[in-house]
> 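Sharing a structure below in structure tokens format, with a few things to ask.
In the text below, chain A, chain B and the rest are named by the order of the sequence lines, each starting its count at 1.
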Amino acid sequence: MTKKVIAPAADKLARPLAKSYEPAAFEAETYQFWNENGCFEASDENVPGQESFAIMIPPPNVTGVLHMGHALTNTIQDILTRWHRMSGDNTLWLPGTDHAGIATQAQVEKAIAKEGKGPSGRPLTRHDIGREEFLKRTWKWKEEHGTAITNQLKRLGSSLDWKRERFTMDEGLSKAVREVFVKLYEEGLIYRGERIINWCPRCQTALSDLEVVPTDRKGSFWHIIYKIVDDAGKPVKNADGTQAQLIIATTRPETLLGDTAVAVHPEDERYSHLHGKSAVLPLVGRLIPVITDTYVDKEFGSGALKVTPAHDFNDADLGKRHNLPSISVMGKDGKITSEGGAYAGLKFAEAREKLVADLQTAGDLVKVEPHSHKVGLCQRCETVAEPILSKQWFVKIEPLAKPAIAAVENGDIVFSPKSWDKTYFEWMNNIRDWCISRQLWWGHQIPAWYCNQCDGITVSREEPRNCSSCNATAIALTRDEDVLDTWFSSALWPFSTLGWPDKTKALETFYPTSILETGFDIIFFWVSRMIMMGIHFMGDVPFKKVYLHAMVRDEKGEKMSKSKGNVIDPLTLIDQHGADPLRFTLAAMAGQGRDIKLSTDRVEGYRAFCNKLWNATKFLHLQFEEANGGPITEPAGGTEAWLEKNHAKLTPVNRWVLSRLQTVTTRVEKGFADFELNESAQALYEYSWLEVCDWYIEFSKLPLRPETAKPEARYETLITLHYVLETLMRLMHPIMPFVTEELWLSLPFKHAANSPARVRDGKDEVLSLIFQKFPKANEKLRDEGAEKTVSSLKSVIEAIRNFRGENAISPKTEFVLKYFPQNADAESFMKEFTTDIRQLARVSEVVAFEKSAASAGALEASIPLVLPAVELRIGLKGLVNVEEESKRLKKDIERTESDLGHCRGKLTRESFIAKAPPELIAKEKATEAQLVAKLAELEAAMQRLSQLA
RNA sequence: UGGCUCGUAGCUCAGUGGCAGAGCACUACCUUGACACGGUAGGGGUCCCGAGUUCAACCCUCGGCGAGCCAACCA
């Protein structure tokens with residue numbers, strides 16, 4: 001049987017590399033090629049022995065646009081995904097979007113409002129067109145706008161398995177939601193009850209505690225008199241005979257209408273004579289008890305507190321403890337209810353104004369102070385959210401929270417950075433019941449029906465035929481109008497997306513998922529709820545690791561927001577510089593536990609890096625032929641095997657670059673494994689640019705240059721360069737998939753590949769970097785000796801360049817380099833690398849000299865080196881004036897003296913000699929000797945110079 | 001009021017118990033046969049402050065100071 005190879009179009013493969021890195025020319029077509037050929041697809045079953053690796057995308061809002069936070073999280077997830085895929089795992093990264101209840105509904109409502117005016121004369125609202133029509137419109141909106149964000153993810157290069165794309169309101173997920181709701185209801189973990197909840201008067205819906213953002217607001221502090229009376233309604237006197245009263249300060253005077261008690265601290269001696277008495281509610285005249293509770297802070301204000309159980313969370317707790325009635329005076333419509341007496345029907349703000357004026361008139365207002373305090377705003381529309389008593393659906397959270405806490409405590413789930421588990425525990429240990437009903441239309445409608453015959457509630461997976469209490473027919477049943485909190489469906493994401501409640505193979509293969517990567521701002525909203533639901537319904541954690549990335553901020557460290565106008569748009573950056581530079585930037589900055597201050601300079605820098613890689617590859621292409629002009633053929637068994645076999649015969653420079661590559665490979669892999677992507681990025685950057693481009697390619701020009709090349713050295717060098725670049729492309733591919741693919745495809749030696757799961761599924765091989773094996777360090781190619789040798793070689797060249805630079809000698813001016821080797825090793829070293837030194841240091845000749853013969857009379861610069869042990873000499877005549885050279889020498893002497901001083905400082909300290917490890921002492925002693933020798937030579941040189949001057 | 005981060009070159013950030021690093025910016029020189037999105041050389045630091053541990057601290061411990069985030073809040 002012949003297996004087909006899927007390859008990019010022939011004309012693409014034949015195309016020579018462009019002059020420079022131009023990402024716009026290939027990113028889109030590359031992505032399309034991968035996607036069309038199923039390169040992102042996971043298999044439902046592992047091959048025997050194969051591991052599965054799964055990440056569920058944190059579903060972005062379906063109406064959203066890609067922002068830098070998305071770019072970061074998806075870059076990180078794609079890096080991990082591509083790395084695991086290349087490592088042979090059955091890798092699933094599952095895409096999808098969230099219906100985002102309030103956000104999406106608001107968008108559509110805005111669109112409707114623009115369409116015209118309703119019967120009332122005001123802009124059209126959803127109520128004007130009705131629920132059914134509204135939902136139809138919203139679905140249409142979703143179809144039209146919902147692909148924007150997914151298309152943007154594609155531009156980033158995200159290797160998501162699009163065939164498995166899900167939407168939190170698609171059929172399967174809706175089924176999962178109903179299943180969970182009904183089960184929890186049957187288990188008594190979902191209940192309907194009248195509770196105080198946060199209400200947004202503008203959105204006209206209940207909000208969970210998390211959806212309310214406490215915000216500093218300037219307000220006033222009204223001090224109001226509450227007179228005290230006894231059971232008979234007679235005024236209570238103080239010890240001094242004056243009328244007893246409590247002065248109570250409030251920031252929300254309109255809630256006074258709903259007061260059902262005043263509270264003091266039981267041990268507050270000022271008020272002990274008032275215990276058990278009553279207070280007269282100003283303006284209203286209602287008698288309310290004076291209660292005692294340790295919740296009251298004696299030190300704050302007057303030490304007395306008014307209690308409004310219907311409109312304040314703390315007061316609700318107080319009310320419950322003391323069996324106080326709750327009077328709802330603030331209505332859902334933003335107006336005072338009929339309980340508000342004379343104030344009924346007024347808007348909250350109007351009521352406040354009138355009430356304050358009336359208090360003033362009645363003489364019950366002592367003073368008004370300016371006061372700044374926190375007000376809860378609706379997360380979505382920034383309207384002041386009011387605590388209101390209301391009938392809603394809740395999840396009884398404690399039984400779900402307990403095992404979820406335990407899972408993190410016992411290490412089944414690990415947070416990274418670790419410090420976040422404290423935040424998690426803090427929240428989970430103080431968790432309140434979760435209000436899950438929302439008075440919206442866009443979302444999962446609650447599967448509960450109310451019976452008009454018996455008031456019973458029927459909760460059912462399907463449309464019920466009869467009331468579950470009185471068996472009345474469906475006609476008697478009315479479905480709850482409300483929908484569920486968006487986060488309710490997101491909480492099921494790790495398993496609902498895999499087909500639950502059906503028992504699917506995908507579920508078996510990929511649950512629990514491997515990693516959850518997300519922002520720390522949704523630990524409570526999402527992470528904790530997935531853990532609770534996962535454990536409860538799957539009997540196992542939804543993921544083993546939680547990676548929390550930093551927040552992307554602007555270069556000043558401020559949160560990016562549209563209102564501040566400081567948003568850096570990832571798509572603009574991709575247009576300008578390509579997806580890869582942006583990805584590399586994000587990876588390089590993905591250090592843990594801090595903010596990421598994104599600067600476009602950095603992105604530009606990594607674009608230059610891409611261009612550097614591009615040109616390094618171009619260099620290979622320009623050179624890639626035999627010395628006689630014939631084509632280079634791939635060694636049988638591949639380049640790596642060939643290099644291994646011929647390792648001993650390779651030049652030191654080739655052995656050096658191969659050895660360094662192994663170190664880099666280890667570093668990159670460790671960075672990926674430890675979730676320190678910045679480590680991987682840095683290792684790749686440094687090796688590619690500072691070692692391969694700056695040094696190796698420069699060295700390699702000698703054996704490649706026709707006039708200096710030997711055929712064997714030429715071949716060996718080209719094979720090495722090919723191997724180095726090919727390996728680098730594989731190492732870099734997870735971070736920069738596009739440019740590496742483009743360059744890899746251009747390489748002469750490449751082979752189609754396939755992942756194990758695809759082999760099993762009988763799929764064709766693909767000529768692409770995406771399925772190539774991620775490199776493993778090859779110990780046989782490590783060579784410490786070569787590393788030392790090349791390090792010495794670099795020292796010699798740098799010393800000469802430094803001499804040239806310090807003395808401002810033009811690069812065009814060549815001169816003779818003389819050297820005196822201190823030992824035989826140094827001598828053979830200098831002989832071996834004469835040509836390299838000549839070439840890279842731009843000297844005309846490299847010759848040995850005998851120290852005795854190097855007449856003291858010569859006007860020469862002296863550059864003593866430690867490793868290699870040689871003294872370099874450069875004739876100064878016609879090159880530099882003596883003054884300049886003595887300046888350079890003086891600087892070198894000073895530096896050497898300082899180093900020596902430092903070294904001797906250590907060695908003369910008795911405690912150091914006594915306690916430091918012997919190896920270190922020996923090393924310091926050796927350094928001292930070297931520095932002494934170097935200094936002597938430098939001083940001798942200075943002496944010669946001054947004599948001759 | 002707690003909890004968590006962070007403080008290193010002008011800027012953005014790496015980093016290690018043993019003589020402080022990168023990119024950008026800056027200065028000088030160079031269009032050398034992959035690359036000016038480039039090369040070579042150079043300047044630039046009390047590693048926030050103070051104690052302690054250690055032979056040795058930028059790194060570990062404690063205490064300050066400063067910045068940010070999260071949670072709870074005084075009604």
> Is the phosphate of A75(B), meaning OP1 or OP2, less than 4.0 Å from a side-chain N or O of Lys306(A)?
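No, outside the criterion.
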> Under 3.5 Å, is there a donor-acceptor pair between the His311(A) and Glu386(A) side chains?
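There is no such pair (donor and acceptor under 3.5 Å, judged by atom type) between the side chains of His311(A) and Glu386(A).
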> Please report the distance separating the C1' of C35(B) from the corresponding atom of A20(B), rounded so that it comes out in whole Å.
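31 Å, rounded to whole Å.
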> Looking at A34(B), I'd like to know if its phosphate oxygens (OP1 or OP2) sit under 4.0 Å from a side-chain N or O belonging to Gln623(A).
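The answer is yes; a side-chain N or O of Gln623(A) sits under 4.0 Å from OP1 or OP2.
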> For the pair made of CG in Leu721(A) and C1' in A34(B), what is the distance, rounded to whole Å?
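Going from CG in Leu721(A) over to C1' in A34(B) covers 10 Å.
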> Between A25(B) and G44(B), how far apart are the two C1' atoms, rounded to whole Å?
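So the two C1' atoms sit 12 Å from each other.
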> Hey, does Thr250(A) reach any base, or is it just sugar-phosphate, or nothing, if we go heavy atoms under 4.0 Å?
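Sugar-phosphate, backbone atoms only, no base.
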> To the nearest angstrom, how far is Tyr606(A) atom OH from C13(B) atom P?
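Tyr606(A) atom OH is separated from C13(B) atom P by 12 Å.
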> Can you tell me the base-pairing partner of G33(B)? Count Watson-Crick or G-U wobble geometry only, both distances below 3.5 Å, and say none if there is no partner.
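Across all strands, not a single nucleotide pairs with G33(B).
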> Which part of the nucleic acid, if any, lies within reach of Thr251(A) when heavy atoms closer than 4.0 Å are counted: base, sugar-phosphate only, or nothing?
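Result for Thr251(A) = sugar-phosphate.
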> Regarding Cys610(A), tell me which of base, sugar-phosphate or nothing describes its non-hydrogen contacts under 4.0 Å with the strands shown.
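The answer is nothing, as Cys610(A) stays clear of every strand by at least 4.0 Å.
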> I need the single residue from Ile874(A), Ile797(A), Ile800(A), Leu872(A) that forms a side chain to side chain contact (heavy atoms under 4.5 Å, CB included) with Val843(A). Which is it?
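Only match with Val843(A) under side chain to side chain contact (heavy atoms under 4.5 Å, CB included): Ile800(A).
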> Side chain of Phe619(A), heavy atoms from C-beta onward: which of C55(B), A34(B), A41(B) has the nearest atom to it?
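So the nucleotide nearest the side chain must be A34(B).
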> Could you check whether atom CD of Glu910(A) has more than 12 heavy atoms from other residues, nucleotides or ligands sitting under 6.0 Å from it?
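Open: at most 12 neighbouring heavy atoms sit under 6.0 Å from CD of Glu910(A).
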> Between Lys891(A) and G43(B), does any side-chain N or O lie under 4.0 Å from OP1 or OP2?
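Affirmative; the distance criterion is met.
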> Nearest to the side chain of Phe912(A), heavy atoms from C-beta on, is which of A36(B), C55(B), A34(B)?
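Out of A36(B), C55(B), A34(B), the nucleotide with an atom closest to Phe912(A)'s side chain is C55(B).
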> Under 4.0 Å, heavy atoms only, any strand: does Phe524(A) hit a base, just the sugar-phosphate, or nothing?
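Since only primed, P, OP1 and OP2 atoms lie under 4.0 Å of Phe524(A), the category is sugar-phosphate.
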> At under 4.0 Å between heavy atoms, what does Glu814(A) touch on the DNA or RNA strands: base, sugar-phosphate, or nothing?
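Since no nucleic acid heavy atom lies under 4.0 Å of Glu814(A), the category is nothing.
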> Could you work out which one of C55(B), A72(B), C19(B) sits closest to the side chain of Lys374(A)?
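The answer is A72(B).
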> Going by the angle between their ring planes, with limits at 30° and 60°, are Phe675(A) and Tyr547(A) parallel, tilted or perpendicular?
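It falls in the parallel class, under 30°.
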> Measure from the side chain of Phe520(A), starting at C-beta and using heavy atoms only, and say which of G18(B), C69(B), C13(B) lies closest.
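Given the options G18(B), C69(B), C13(B), the side chain of Phe520(A) is closest to C69(B).
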> A34(B), G38(B), G42(B): which one has an atom nearest the side-chain heavy atoms of Trp689(A)?
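So the nucleotide nearest the side chain must be G38(B).
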> Which part of the nucleic acid, if any, lies within contact of Pro214(A), taking any heavy atom under 4.0 Å across all strands shown: a base, the sugar-phosphate backbone alone, or nothing?
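It contacts nothing in the nucleic acid.
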> Determine the interplanar angle of the Tyr606(A) and Phe584(A) rings, folded into 0 to 90°, and report it as parallel if under 30°, tilted if 30 to 60°, perpendicular if over 60°.
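Tyr606(A) vs Phe584(A) ring planes: tilted.
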> Quick one: is C37(B) close enough that its OP1 or OP2 comes under 4.0 Å of any side-chain N or O from Asn615(A)?
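The answer is no; no side-chain N or O of Asn615(A) sits under 4.0 Å from OP1 or OP2.
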> Could you check whether Ser302(A) gets within reach of a base, just the sugar-phosphate, or nothing at all, counting any heavy atom under 4.0 Å?
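No contact.
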> Below 4.0 angstrom from OP1 or OP2 of U40(B), is there any side-chain N or O of Lys794(A)?
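Lys794(A) to U40(B) OP1/OP2: no side-chain N or O under 4.0 Å.
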> For A34(B), take OP1 and OP2 only and decide whether either is under 4.0 Å from a side-chain N or O of Lys618(A).
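For A34(B), neither OP1 nor OP2 has a side-chain N or O of Lys618(A) closer than 4.0 Å.
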> Under 4.0 Å, counting only non-hydrogen atoms across every strand here, what does Arg705(A) touch: a base, just sugar-phosphate, or nothing?
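Arg705(A): base contact, heavy atoms under 4.0 Å.
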> Using atom P in both nucleotides, what's the gap between C37(B) and G42(B) to the nearest angstrom?
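After rounding to an integer number of Å, I get 24 Å for this pair.
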> In whole Å, what separates the P atom of C62(B) from that of C6(B)?
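About 14 Å, rounded to a whole number of Å.
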> Using a 4.0 Å heavy-atom cut-off across all strands, classify Ala914(A) as base, sugar-phosphate, or nothing.
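Counting heavy atoms under 4.0 Å across all strands, no contact is made by Ala914(A).
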> Just N and O in the side chain of Asn314(A): are any of them under 4.0 Å from OP1 or OP2 of C73(B)?
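Checking Asn314(A) against C73(B): at least one side-chain N or O falls below 4.0 Å of OP1 or OP2.
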> Using a cut-off of 4.0 Å on non-hydrogen atoms, how would the nucleic acid contact of Asp312(A) be classed: base, sugar-phosphate, or nothing?
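No contact.
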> By nearest atom, which of the nucleotides A75(B), U5(B), C70(B) is closest to the Asp297(A) side chain?
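It is A75(B).
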> So, is Lys612(A) near the phosphate of G39(B), with a side-chain N or O under 4.0 Å from OP1 or OP2?
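For G39(B), OP1 or OP2 has a side-chain N or O of Lys612(A) closer than 4.0 Å.
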> Using atom P of each nucleotide, how far apart are G64(B) and C26(B) to the nearest Å?
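Taking atom P in both G64(B) and C26(B), they lie 43 Å apart.
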> Expressed in whole Å, how much space separates the C1' atoms belonging to G2(B) and U8(B)?
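It comes out at 30 Å once rounded to the nearest Å.
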> If you check every side-chain atom of Phe221(A), which of G15(B), A75(B), C55(B) has the closest atom?
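The answer is A75(B).
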> Among A75(B), U5(B), A22(B), which nucleotide sits nearest the side chain of Tyr685(A)?
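Looking only at heavy atoms from C-beta outward on Tyr685(A), the closest nucleotide is A22(B).
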> Counting only Watson-Crick pairs (N1-N3 plus N6-O4 or O6-N4) and G-U wobbles (N1-O2, O6-N3), all under 3.5 Å, who is the partner of G44(B)?
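Base partner found: none.
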> If you assign each of Ser810(A) and Arg895(A) to its closest nucleotide in RNA chain B, which residue comes earlier from the 5' end?
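Counting from the 5' end, the first nearest nucleotide belongs to Ser810(A).
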> Please tell me which of the listed nucleotides, G39(B), A41(B), G3(B), lies nearest to the side chain of Asn802(A)?
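Nearest listed nucleotide: A41(B).
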> Hey, does the side chain of Trp695(A) come within less than 4.0 Å of G39(B)'s phosphate (OP1/OP2), counting only N and O?
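No, no such contact exists.
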> Counting only Watson-Crick or G-U wobble pairs whose two distances fall under 3.5 Å, which nucleotide matches G10(B)?
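Paired with C24(B).
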> Hunt down the Watson-Crick or G-U wobble partner of C19(B), both distances under 3.5 Å, from any strand shown, or write none.
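With both distances under 3.5 Å required, C19(B) matches none.
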> Using Watson-Crick or G-U wobble geometry with both distances below 3.5 Å, tell me the partner of G2(B), or none.
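Across any shown strand, G2(B) pairs with C70(B).
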> Whom does G50(B) pair with, Watson-Crick or G-U wobble, provided both distances fall under 3.5 Å?
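C62(B) - that is the nucleotide pairing with G50(B), both distances being under 3.5 Å.
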> Parallel, tilted or perpendicular, judged at 30° and 60°: which one describes the rings of Trp689(A) and Tyr685(A)?
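Ring orientation of Trp689(A) relative to Tyr685(A): tilted.
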> Just N and O in the side chain of Lys812(A): are any of them under 4.0 Å from OP1 or OP2 of C29(B)?
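Indeed not, no polar side-chain atom of Lys812(A) lies that close.
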> With nearest nucleotides of RNA chain B determined for Lys701(A) and Asp694(A) from heavy-atom distances, which residue corresponds to the more 5′ nucleotide?
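It is Lys701(A) whose nearest nucleotide is closer to the 5' end.
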> Output the distance between atom CZ (Arg667(A)) and atom OG (Ser680(A)), rounded to the nearest 0.5 Å.
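The OG atom of Ser680(A) is 8.5 Å from CZ of Arg667(A), to the nearest 0.5 Å.
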> Rounded off to whole Å, could you give me the CD-to-P distance for the Glu798(A) and U40(B) pair?
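Atom CD in Glu798(A) sits about 9 Å away from atom P in U40(B).
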> Does the separation of the ring centres of Tyr295(A) and His265(A) fall below 6.0 angstrom?
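So the answer is no for these two rings.
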> Mind checking the P distance from A34(B) to A28(B)? Whole angstroms is fine.
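So the two P atoms sit 28 Å from each other.
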> Rounded to whole angstrom units, what separation is found between the NZ atom of Lys923(A) and the C1' atom of C55(B)?
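After rounding, the reported distance stands at 16 Å.
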> Using only heavy-atom distances, decide whether a donor-acceptor pair under 3.5 angstrom links the side-chain of Glu698(A) to the base of A34(B).
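For Glu698(A), whose side chain was compared with the base of A34(B), there is a donor-acceptor pair (under 3.5 Å).
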> Between Lys670(A) and Glu679(A), is the closest basic N to carboxylate O distance under 4.0 Å?
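Result for this pair is no, no salt bridge flagged.
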> To the nearest 0.5 Å, tell me how far Thr585(A) OG1 sits from Asp580(A) CG.
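The OG1 atom of Thr585(A) sits 10.5 Å away from the CG atom of Asp580(A).
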> Write down the distance separating the C1' atoms in C58(B) and C70(B), rounded off to the nearest Å.
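My reading of the C1' atoms in C58(B) and C70(B) gives 29 Å.
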> Thr423(A) side chain: which of A41(B), C70(B), C35(B) is closest?
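Ranking A41(B), C70(B), C35(B) by closest atom to the Thr423(A) side chain puts C70(B) first.
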